[in-house]
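Here's the structure we're looking at; comments come further down.
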Amino acid sequence: MAAAANHNSGATVSQREQNETALSDTIRHIYVHVPFCARICPYCAFYKELLDRSQTPRFCEALLGELRQEALATASPSAGGQDRPEEKAADEGAARPRRVRRHLLPSTIYFGGGTPTALTTAQLEFLLGGFRDALDLSKLIEWTMEANPGSVFQSKAAVLQRLGITRISLGIQSWDDDLLKLLGREHNTKRGEESFQILRDAGFSNINVDLMFGLPGQTIHQWRSTLERTVSLKPEHVSTYCLTYEEDTEFFLRQARGEFRQDPDTDSEFFEMTMSILETAGYEHYEISNYARPGFRSAHNRAYWSGSDYLGIGPSAFSTVGMTRWQNISDFRRYADAVLSGKSTVSSVEQLTSDMKRAERVALGLRTADGAPAQLLESFPDETREFIGLRLLRRSGGNFLLTRAGKALADSVAEAFV
């Protein structure tokens with residue numbers, strides 16, 4: 001996860017919930033951002049850089065350096081609970097968040113990007129070994145690594161398996177070679193299937209396949225074929241994302257010039273087909289964009305969606321602890337300079353309000369199969385009645401959940417409550 005959620009105002013969470021969040025002394029979720037890519041995809045708005053082999057060794061040193069700094073700052077819950085004085089952040093005008101003594105005891109770790117597997121096998125071995133040395137992994141239940149098919153090889157897969165990676169998220173995106181070329185991907189469908197088999201042969205029993213729909217020129221037939229081919233491989237998890245035209249991307253510029261256009265009706269048809277095919281194949285639709293076989297829901301992402309604290313390591317990574325959110329420098333060279341010279345990596349800090357926390361909990365919760373707690377929607381009786389009347393929302397126990405029709409309009413429904 002490289003970006004933070006949107007923040008809007010609404011009704012407040014309880015003071016008790018706020019205090020419990022603030023007093024939590026254990027961080028159980030860690031995100032690590034590796035920005036390097038063999039190619040820059042024209043649709044991607046995450047912080048990324050073209051792979052530069054001359055820079056990656058220093059970057060890996062910096063990642064472990066930041067991890068060790070955070071582990072030292074959080075290692076001892078009994079160290080008196082003293083805050084450090086605010087330090088100068090790497091960017092002028094941004095103060096480093098105060099560090100209350102907290103304990104790093106991860107239950108999930110997620111390496112995202114960029115393309116973490118763009119690093120060499122030796123560098124991944126160095127990084128993963130460093131994480132194992134720096135952290136207490138006795139409570140770890142899930143360790144995910146994002147991978148692109150073009151950088152999956154037998155030796156690399158074997159190292160990832162040996163050093164504790166339990167889950168791979170494989171960026172297939174499409175099983176159509178023409179669409180892969182449009183997306184600027186470095187692999188073709190043959191290489192995609194080979195990479196999946198390499199991971200299976202290496203012993204990975206928890207693989208996610210990332211797919212995209214709503215692509216320029218994509219047909220319903222192409223999308224059906226991609227879904228059916230994915231199901232035939234029997235991955236444990238499938239993520240399906242509708243293309244969005246993000247600023248600062250080539251696709252955004254092409255849309256602005258009229259070369260591409262988004263068709264909400266067609267996107268809705270893609271979405272309905274996705275639900276139908278994947279649910280029929282035995283996948284649980286547990287979040288708008290995510291489907292899993294029973295027992296294989298992403299523990300790391302569910303922590304985000306439920307509002308748990310998390311620590312971000314690496315350039316551009318966000319962290320949220322209690323009522324404070326901060327982001328690291330979005331430049332891997334400046335980030336490495338800061339870490340290796342003992343300076344702060346933080347570029348911005350935001351103090352969250354109870355309204356912001358409530359809005360995030362509602363917006364993210366409604367996207368999941370668990371829904372949003374009913375008490376968080378008490379200030380919106382007219383809206384809840386209207387959506388129930390429209391059969392977009394239903395109540396189940398103490399939560400409000402989207403109906404099947406409501407899932408196709410998830411963002412619009414959520415906006416009414418935030």
Side-chain angles (χ1 to χ4, degrees), residues 1-7 21 24 26-36 44-49 59-75 87 89-91 94-100 102-116 119 127-128 130-131 134-135 137 140 142-146 169 298-339 343-352 356-357 360 364:
M1 187 190 90
N6 292 326
H7 315 311
T21 300
S24 171
T26 302
I27 297 176
R28 299 190 180 277
H29 310 284
I30 299 174
Y31 172 79
V32 184
H33 192 71
V34 180
F36 302 113
C44 179
F46 291 123
Y47 169 61
K48 69 277 182 190
E49 296 275 359
F59 171 79
C60 291
E61 291 279 2
L63 272 186
L64 288 184
E66 187 189 7
L67 176 69
R68 293 184 188 115
Q69 289 172 13
E70 294 293 346
L72 285 173
T74 61
E87 303 169 36
D91 283 1
R96 187 185 184 92
R98 288 184 176 273
R99 285 183 175 173
V100 176
R102 294 176 186 272
H103 187 33
L104 273 183
L105 187 63
S107 60
T108 70
I109 303 173
Y110 192 107
F111 275 63
T115 310
L119 298 174
L127 270 183
L128 297 179
F131 268 70
L135 296 171
L137 300 181
L140 190 69
E142 181 184 279
W143 193 346
T144 300
M145 172 94 46
E146 289 184 355
S169 184
S298 169
H300 187 81
N301 286 337
R302 291 178 76 191
Y304 288 146
W305 303 330
S306 67
S308 298
D309 288 350
Y310 59 89
L311 178 67
I313 300 290
S316 84
F318 280 90
S319 301
T320 301
V321 178
M323 303 299 285
T324 303
R325 175 169 293 146
W326 64 95
Q327 184 183 18
N328 279 349
I329 306 160
S330 296
D331 181 311
F332 80 88
R333 294 175 183 83
R334 292 176 54 225
Y335 162 82
D337 288 344
V339 173
K343 296 178 182 177
S344 170
T345 60
V346 176
S347 63
S348 63
V349 181
E350 180 181 19
Q351 293 303 318
L352 304 178
M356 290 177 178
K357 297 282 276 191
E360 287 184 0
L364 295 175

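Just so it is clear, the structure is predicted and the values come from calculations on it, not from any experiment.
- Side-chain N or O atoms of Q327 include none that pairs as donor or acceptor with a backbone N or O of V349 at under 3.5 Å.
- Every residue meeting the side chain to side chain contact (heavy atoms under 4.5 Å, CB included) condition with C44, not counting sequence neighbours, appears here in chain and number order: C41, F46, K48.
- Separating the OG1 atom in T144 from the CD1 atom in I109 is a distance of 9.5 Å, to the nearest 0.5 Å.
- No donor-acceptor pair under 3.5 Å is formed between the side chain of K343 and the backbone N or O of Y335.
- Expressed to the nearest 0.5 Å, how far CD1 of I313 lies from OG1 of T345 amounts to 7.5 Å.
- Checked against the 6.0 Å centroid threshold, F36 and F59 count as a close aromatic pair.
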*Please lay out, stage by stage, how S169 and Y110 fare under the test side chain to side chain contact (heavy atoms under 4.5 Å, CB included).*
CA-CA 10 Å; S169 184; Y110 192 107; 4.1 Å; yes

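- The aromatic rings of Y304 and H300 stand perpendicular to each other, their planes meeting at an angle above 60°, with 30° marking the opposite boundary.
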*Run the numbers on L311 and H29 for side chain to side chain contact (heavy atoms under 4.5 Å, CB included), then give the verdict.*
CA-CA 6 Å; L311 178 67; H29 310 284; over 6 Å; no

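- For the atom pair CG (L104) and CG (L137), the distance works out to 10.5 Å, reported to the nearest 0.5 Å.
- Considering only heavy atoms from C-beta on, P315 comes within 4.5 Å of P35 through its side chain.
- Atoms CE and NZ, on M323 and K357 in that order, are 6.0 Å from each other to the nearest 0.5 Å.
- With sequence neighbours left out, the ring-ring contact (aromatic ring centres under 6.0 Å, His included) criterion links F131 to F111.
- The shortest side-chain heavy-atom distance between V346 and N328 falls under the 4.5 Å cut-off.
- In this structure, the separation between OG1 on T115 and CD on E146 is 8.0 Å, given to the nearest 0.5 Å.
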*So L63 and V339, side chain to side chain contact (heavy atoms under 4.5 Å, CB included) or not? Walk me through it.*
CA-CA 8 Å; L63 272 186; V339 173; over 6 Å; no

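- Taking every heavy atom of both residues into account, L352 and G322 meet most closely at CD1-O, 4.5 Å.
- Side chain of S319 to backbone of G312: a donor-acceptor contact under 3.5 angstrom is found.
- A donor-acceptor pair under 3.5 Å links the side-chain atoms of H33 to the main chain of Y47, judged by distance alone.
- A donor-acceptor pair is defined here as one N or O able to donate and one able to accept, closer than 3.5 Å; no such pair exists between the side chain of D309 and the backbone of I27.
- You'll find the side chain of T324 reaches within 4.5 Å of the side chain of Q351, heavy atoms only.
- Nearest heavy-atom pair across S316 and S330 is CB-OG, 3.3 Å.
- Side-chain polar atoms of S107 and E142 form no donor-acceptor pair below 3.5 angstrom.
- In this structure, L67 and G130 approach most closely via the heavy-atom pair CD2-O, 4.4 Å.
- A 4.5 Å side-chain heavy-atom check between C60 and L127 finds at least one atom pair inside the cut-off.
- Of all the heavy atoms in L135 and P106, the pair that sits closest is CD1-CG, 4.2 Å.
- Under the side-chain hydrogen bond (donor to acceptor under 3.5 Å, both in side chains) criterion, T320 pairs with Y310, R325, not counting sequence neighbours.
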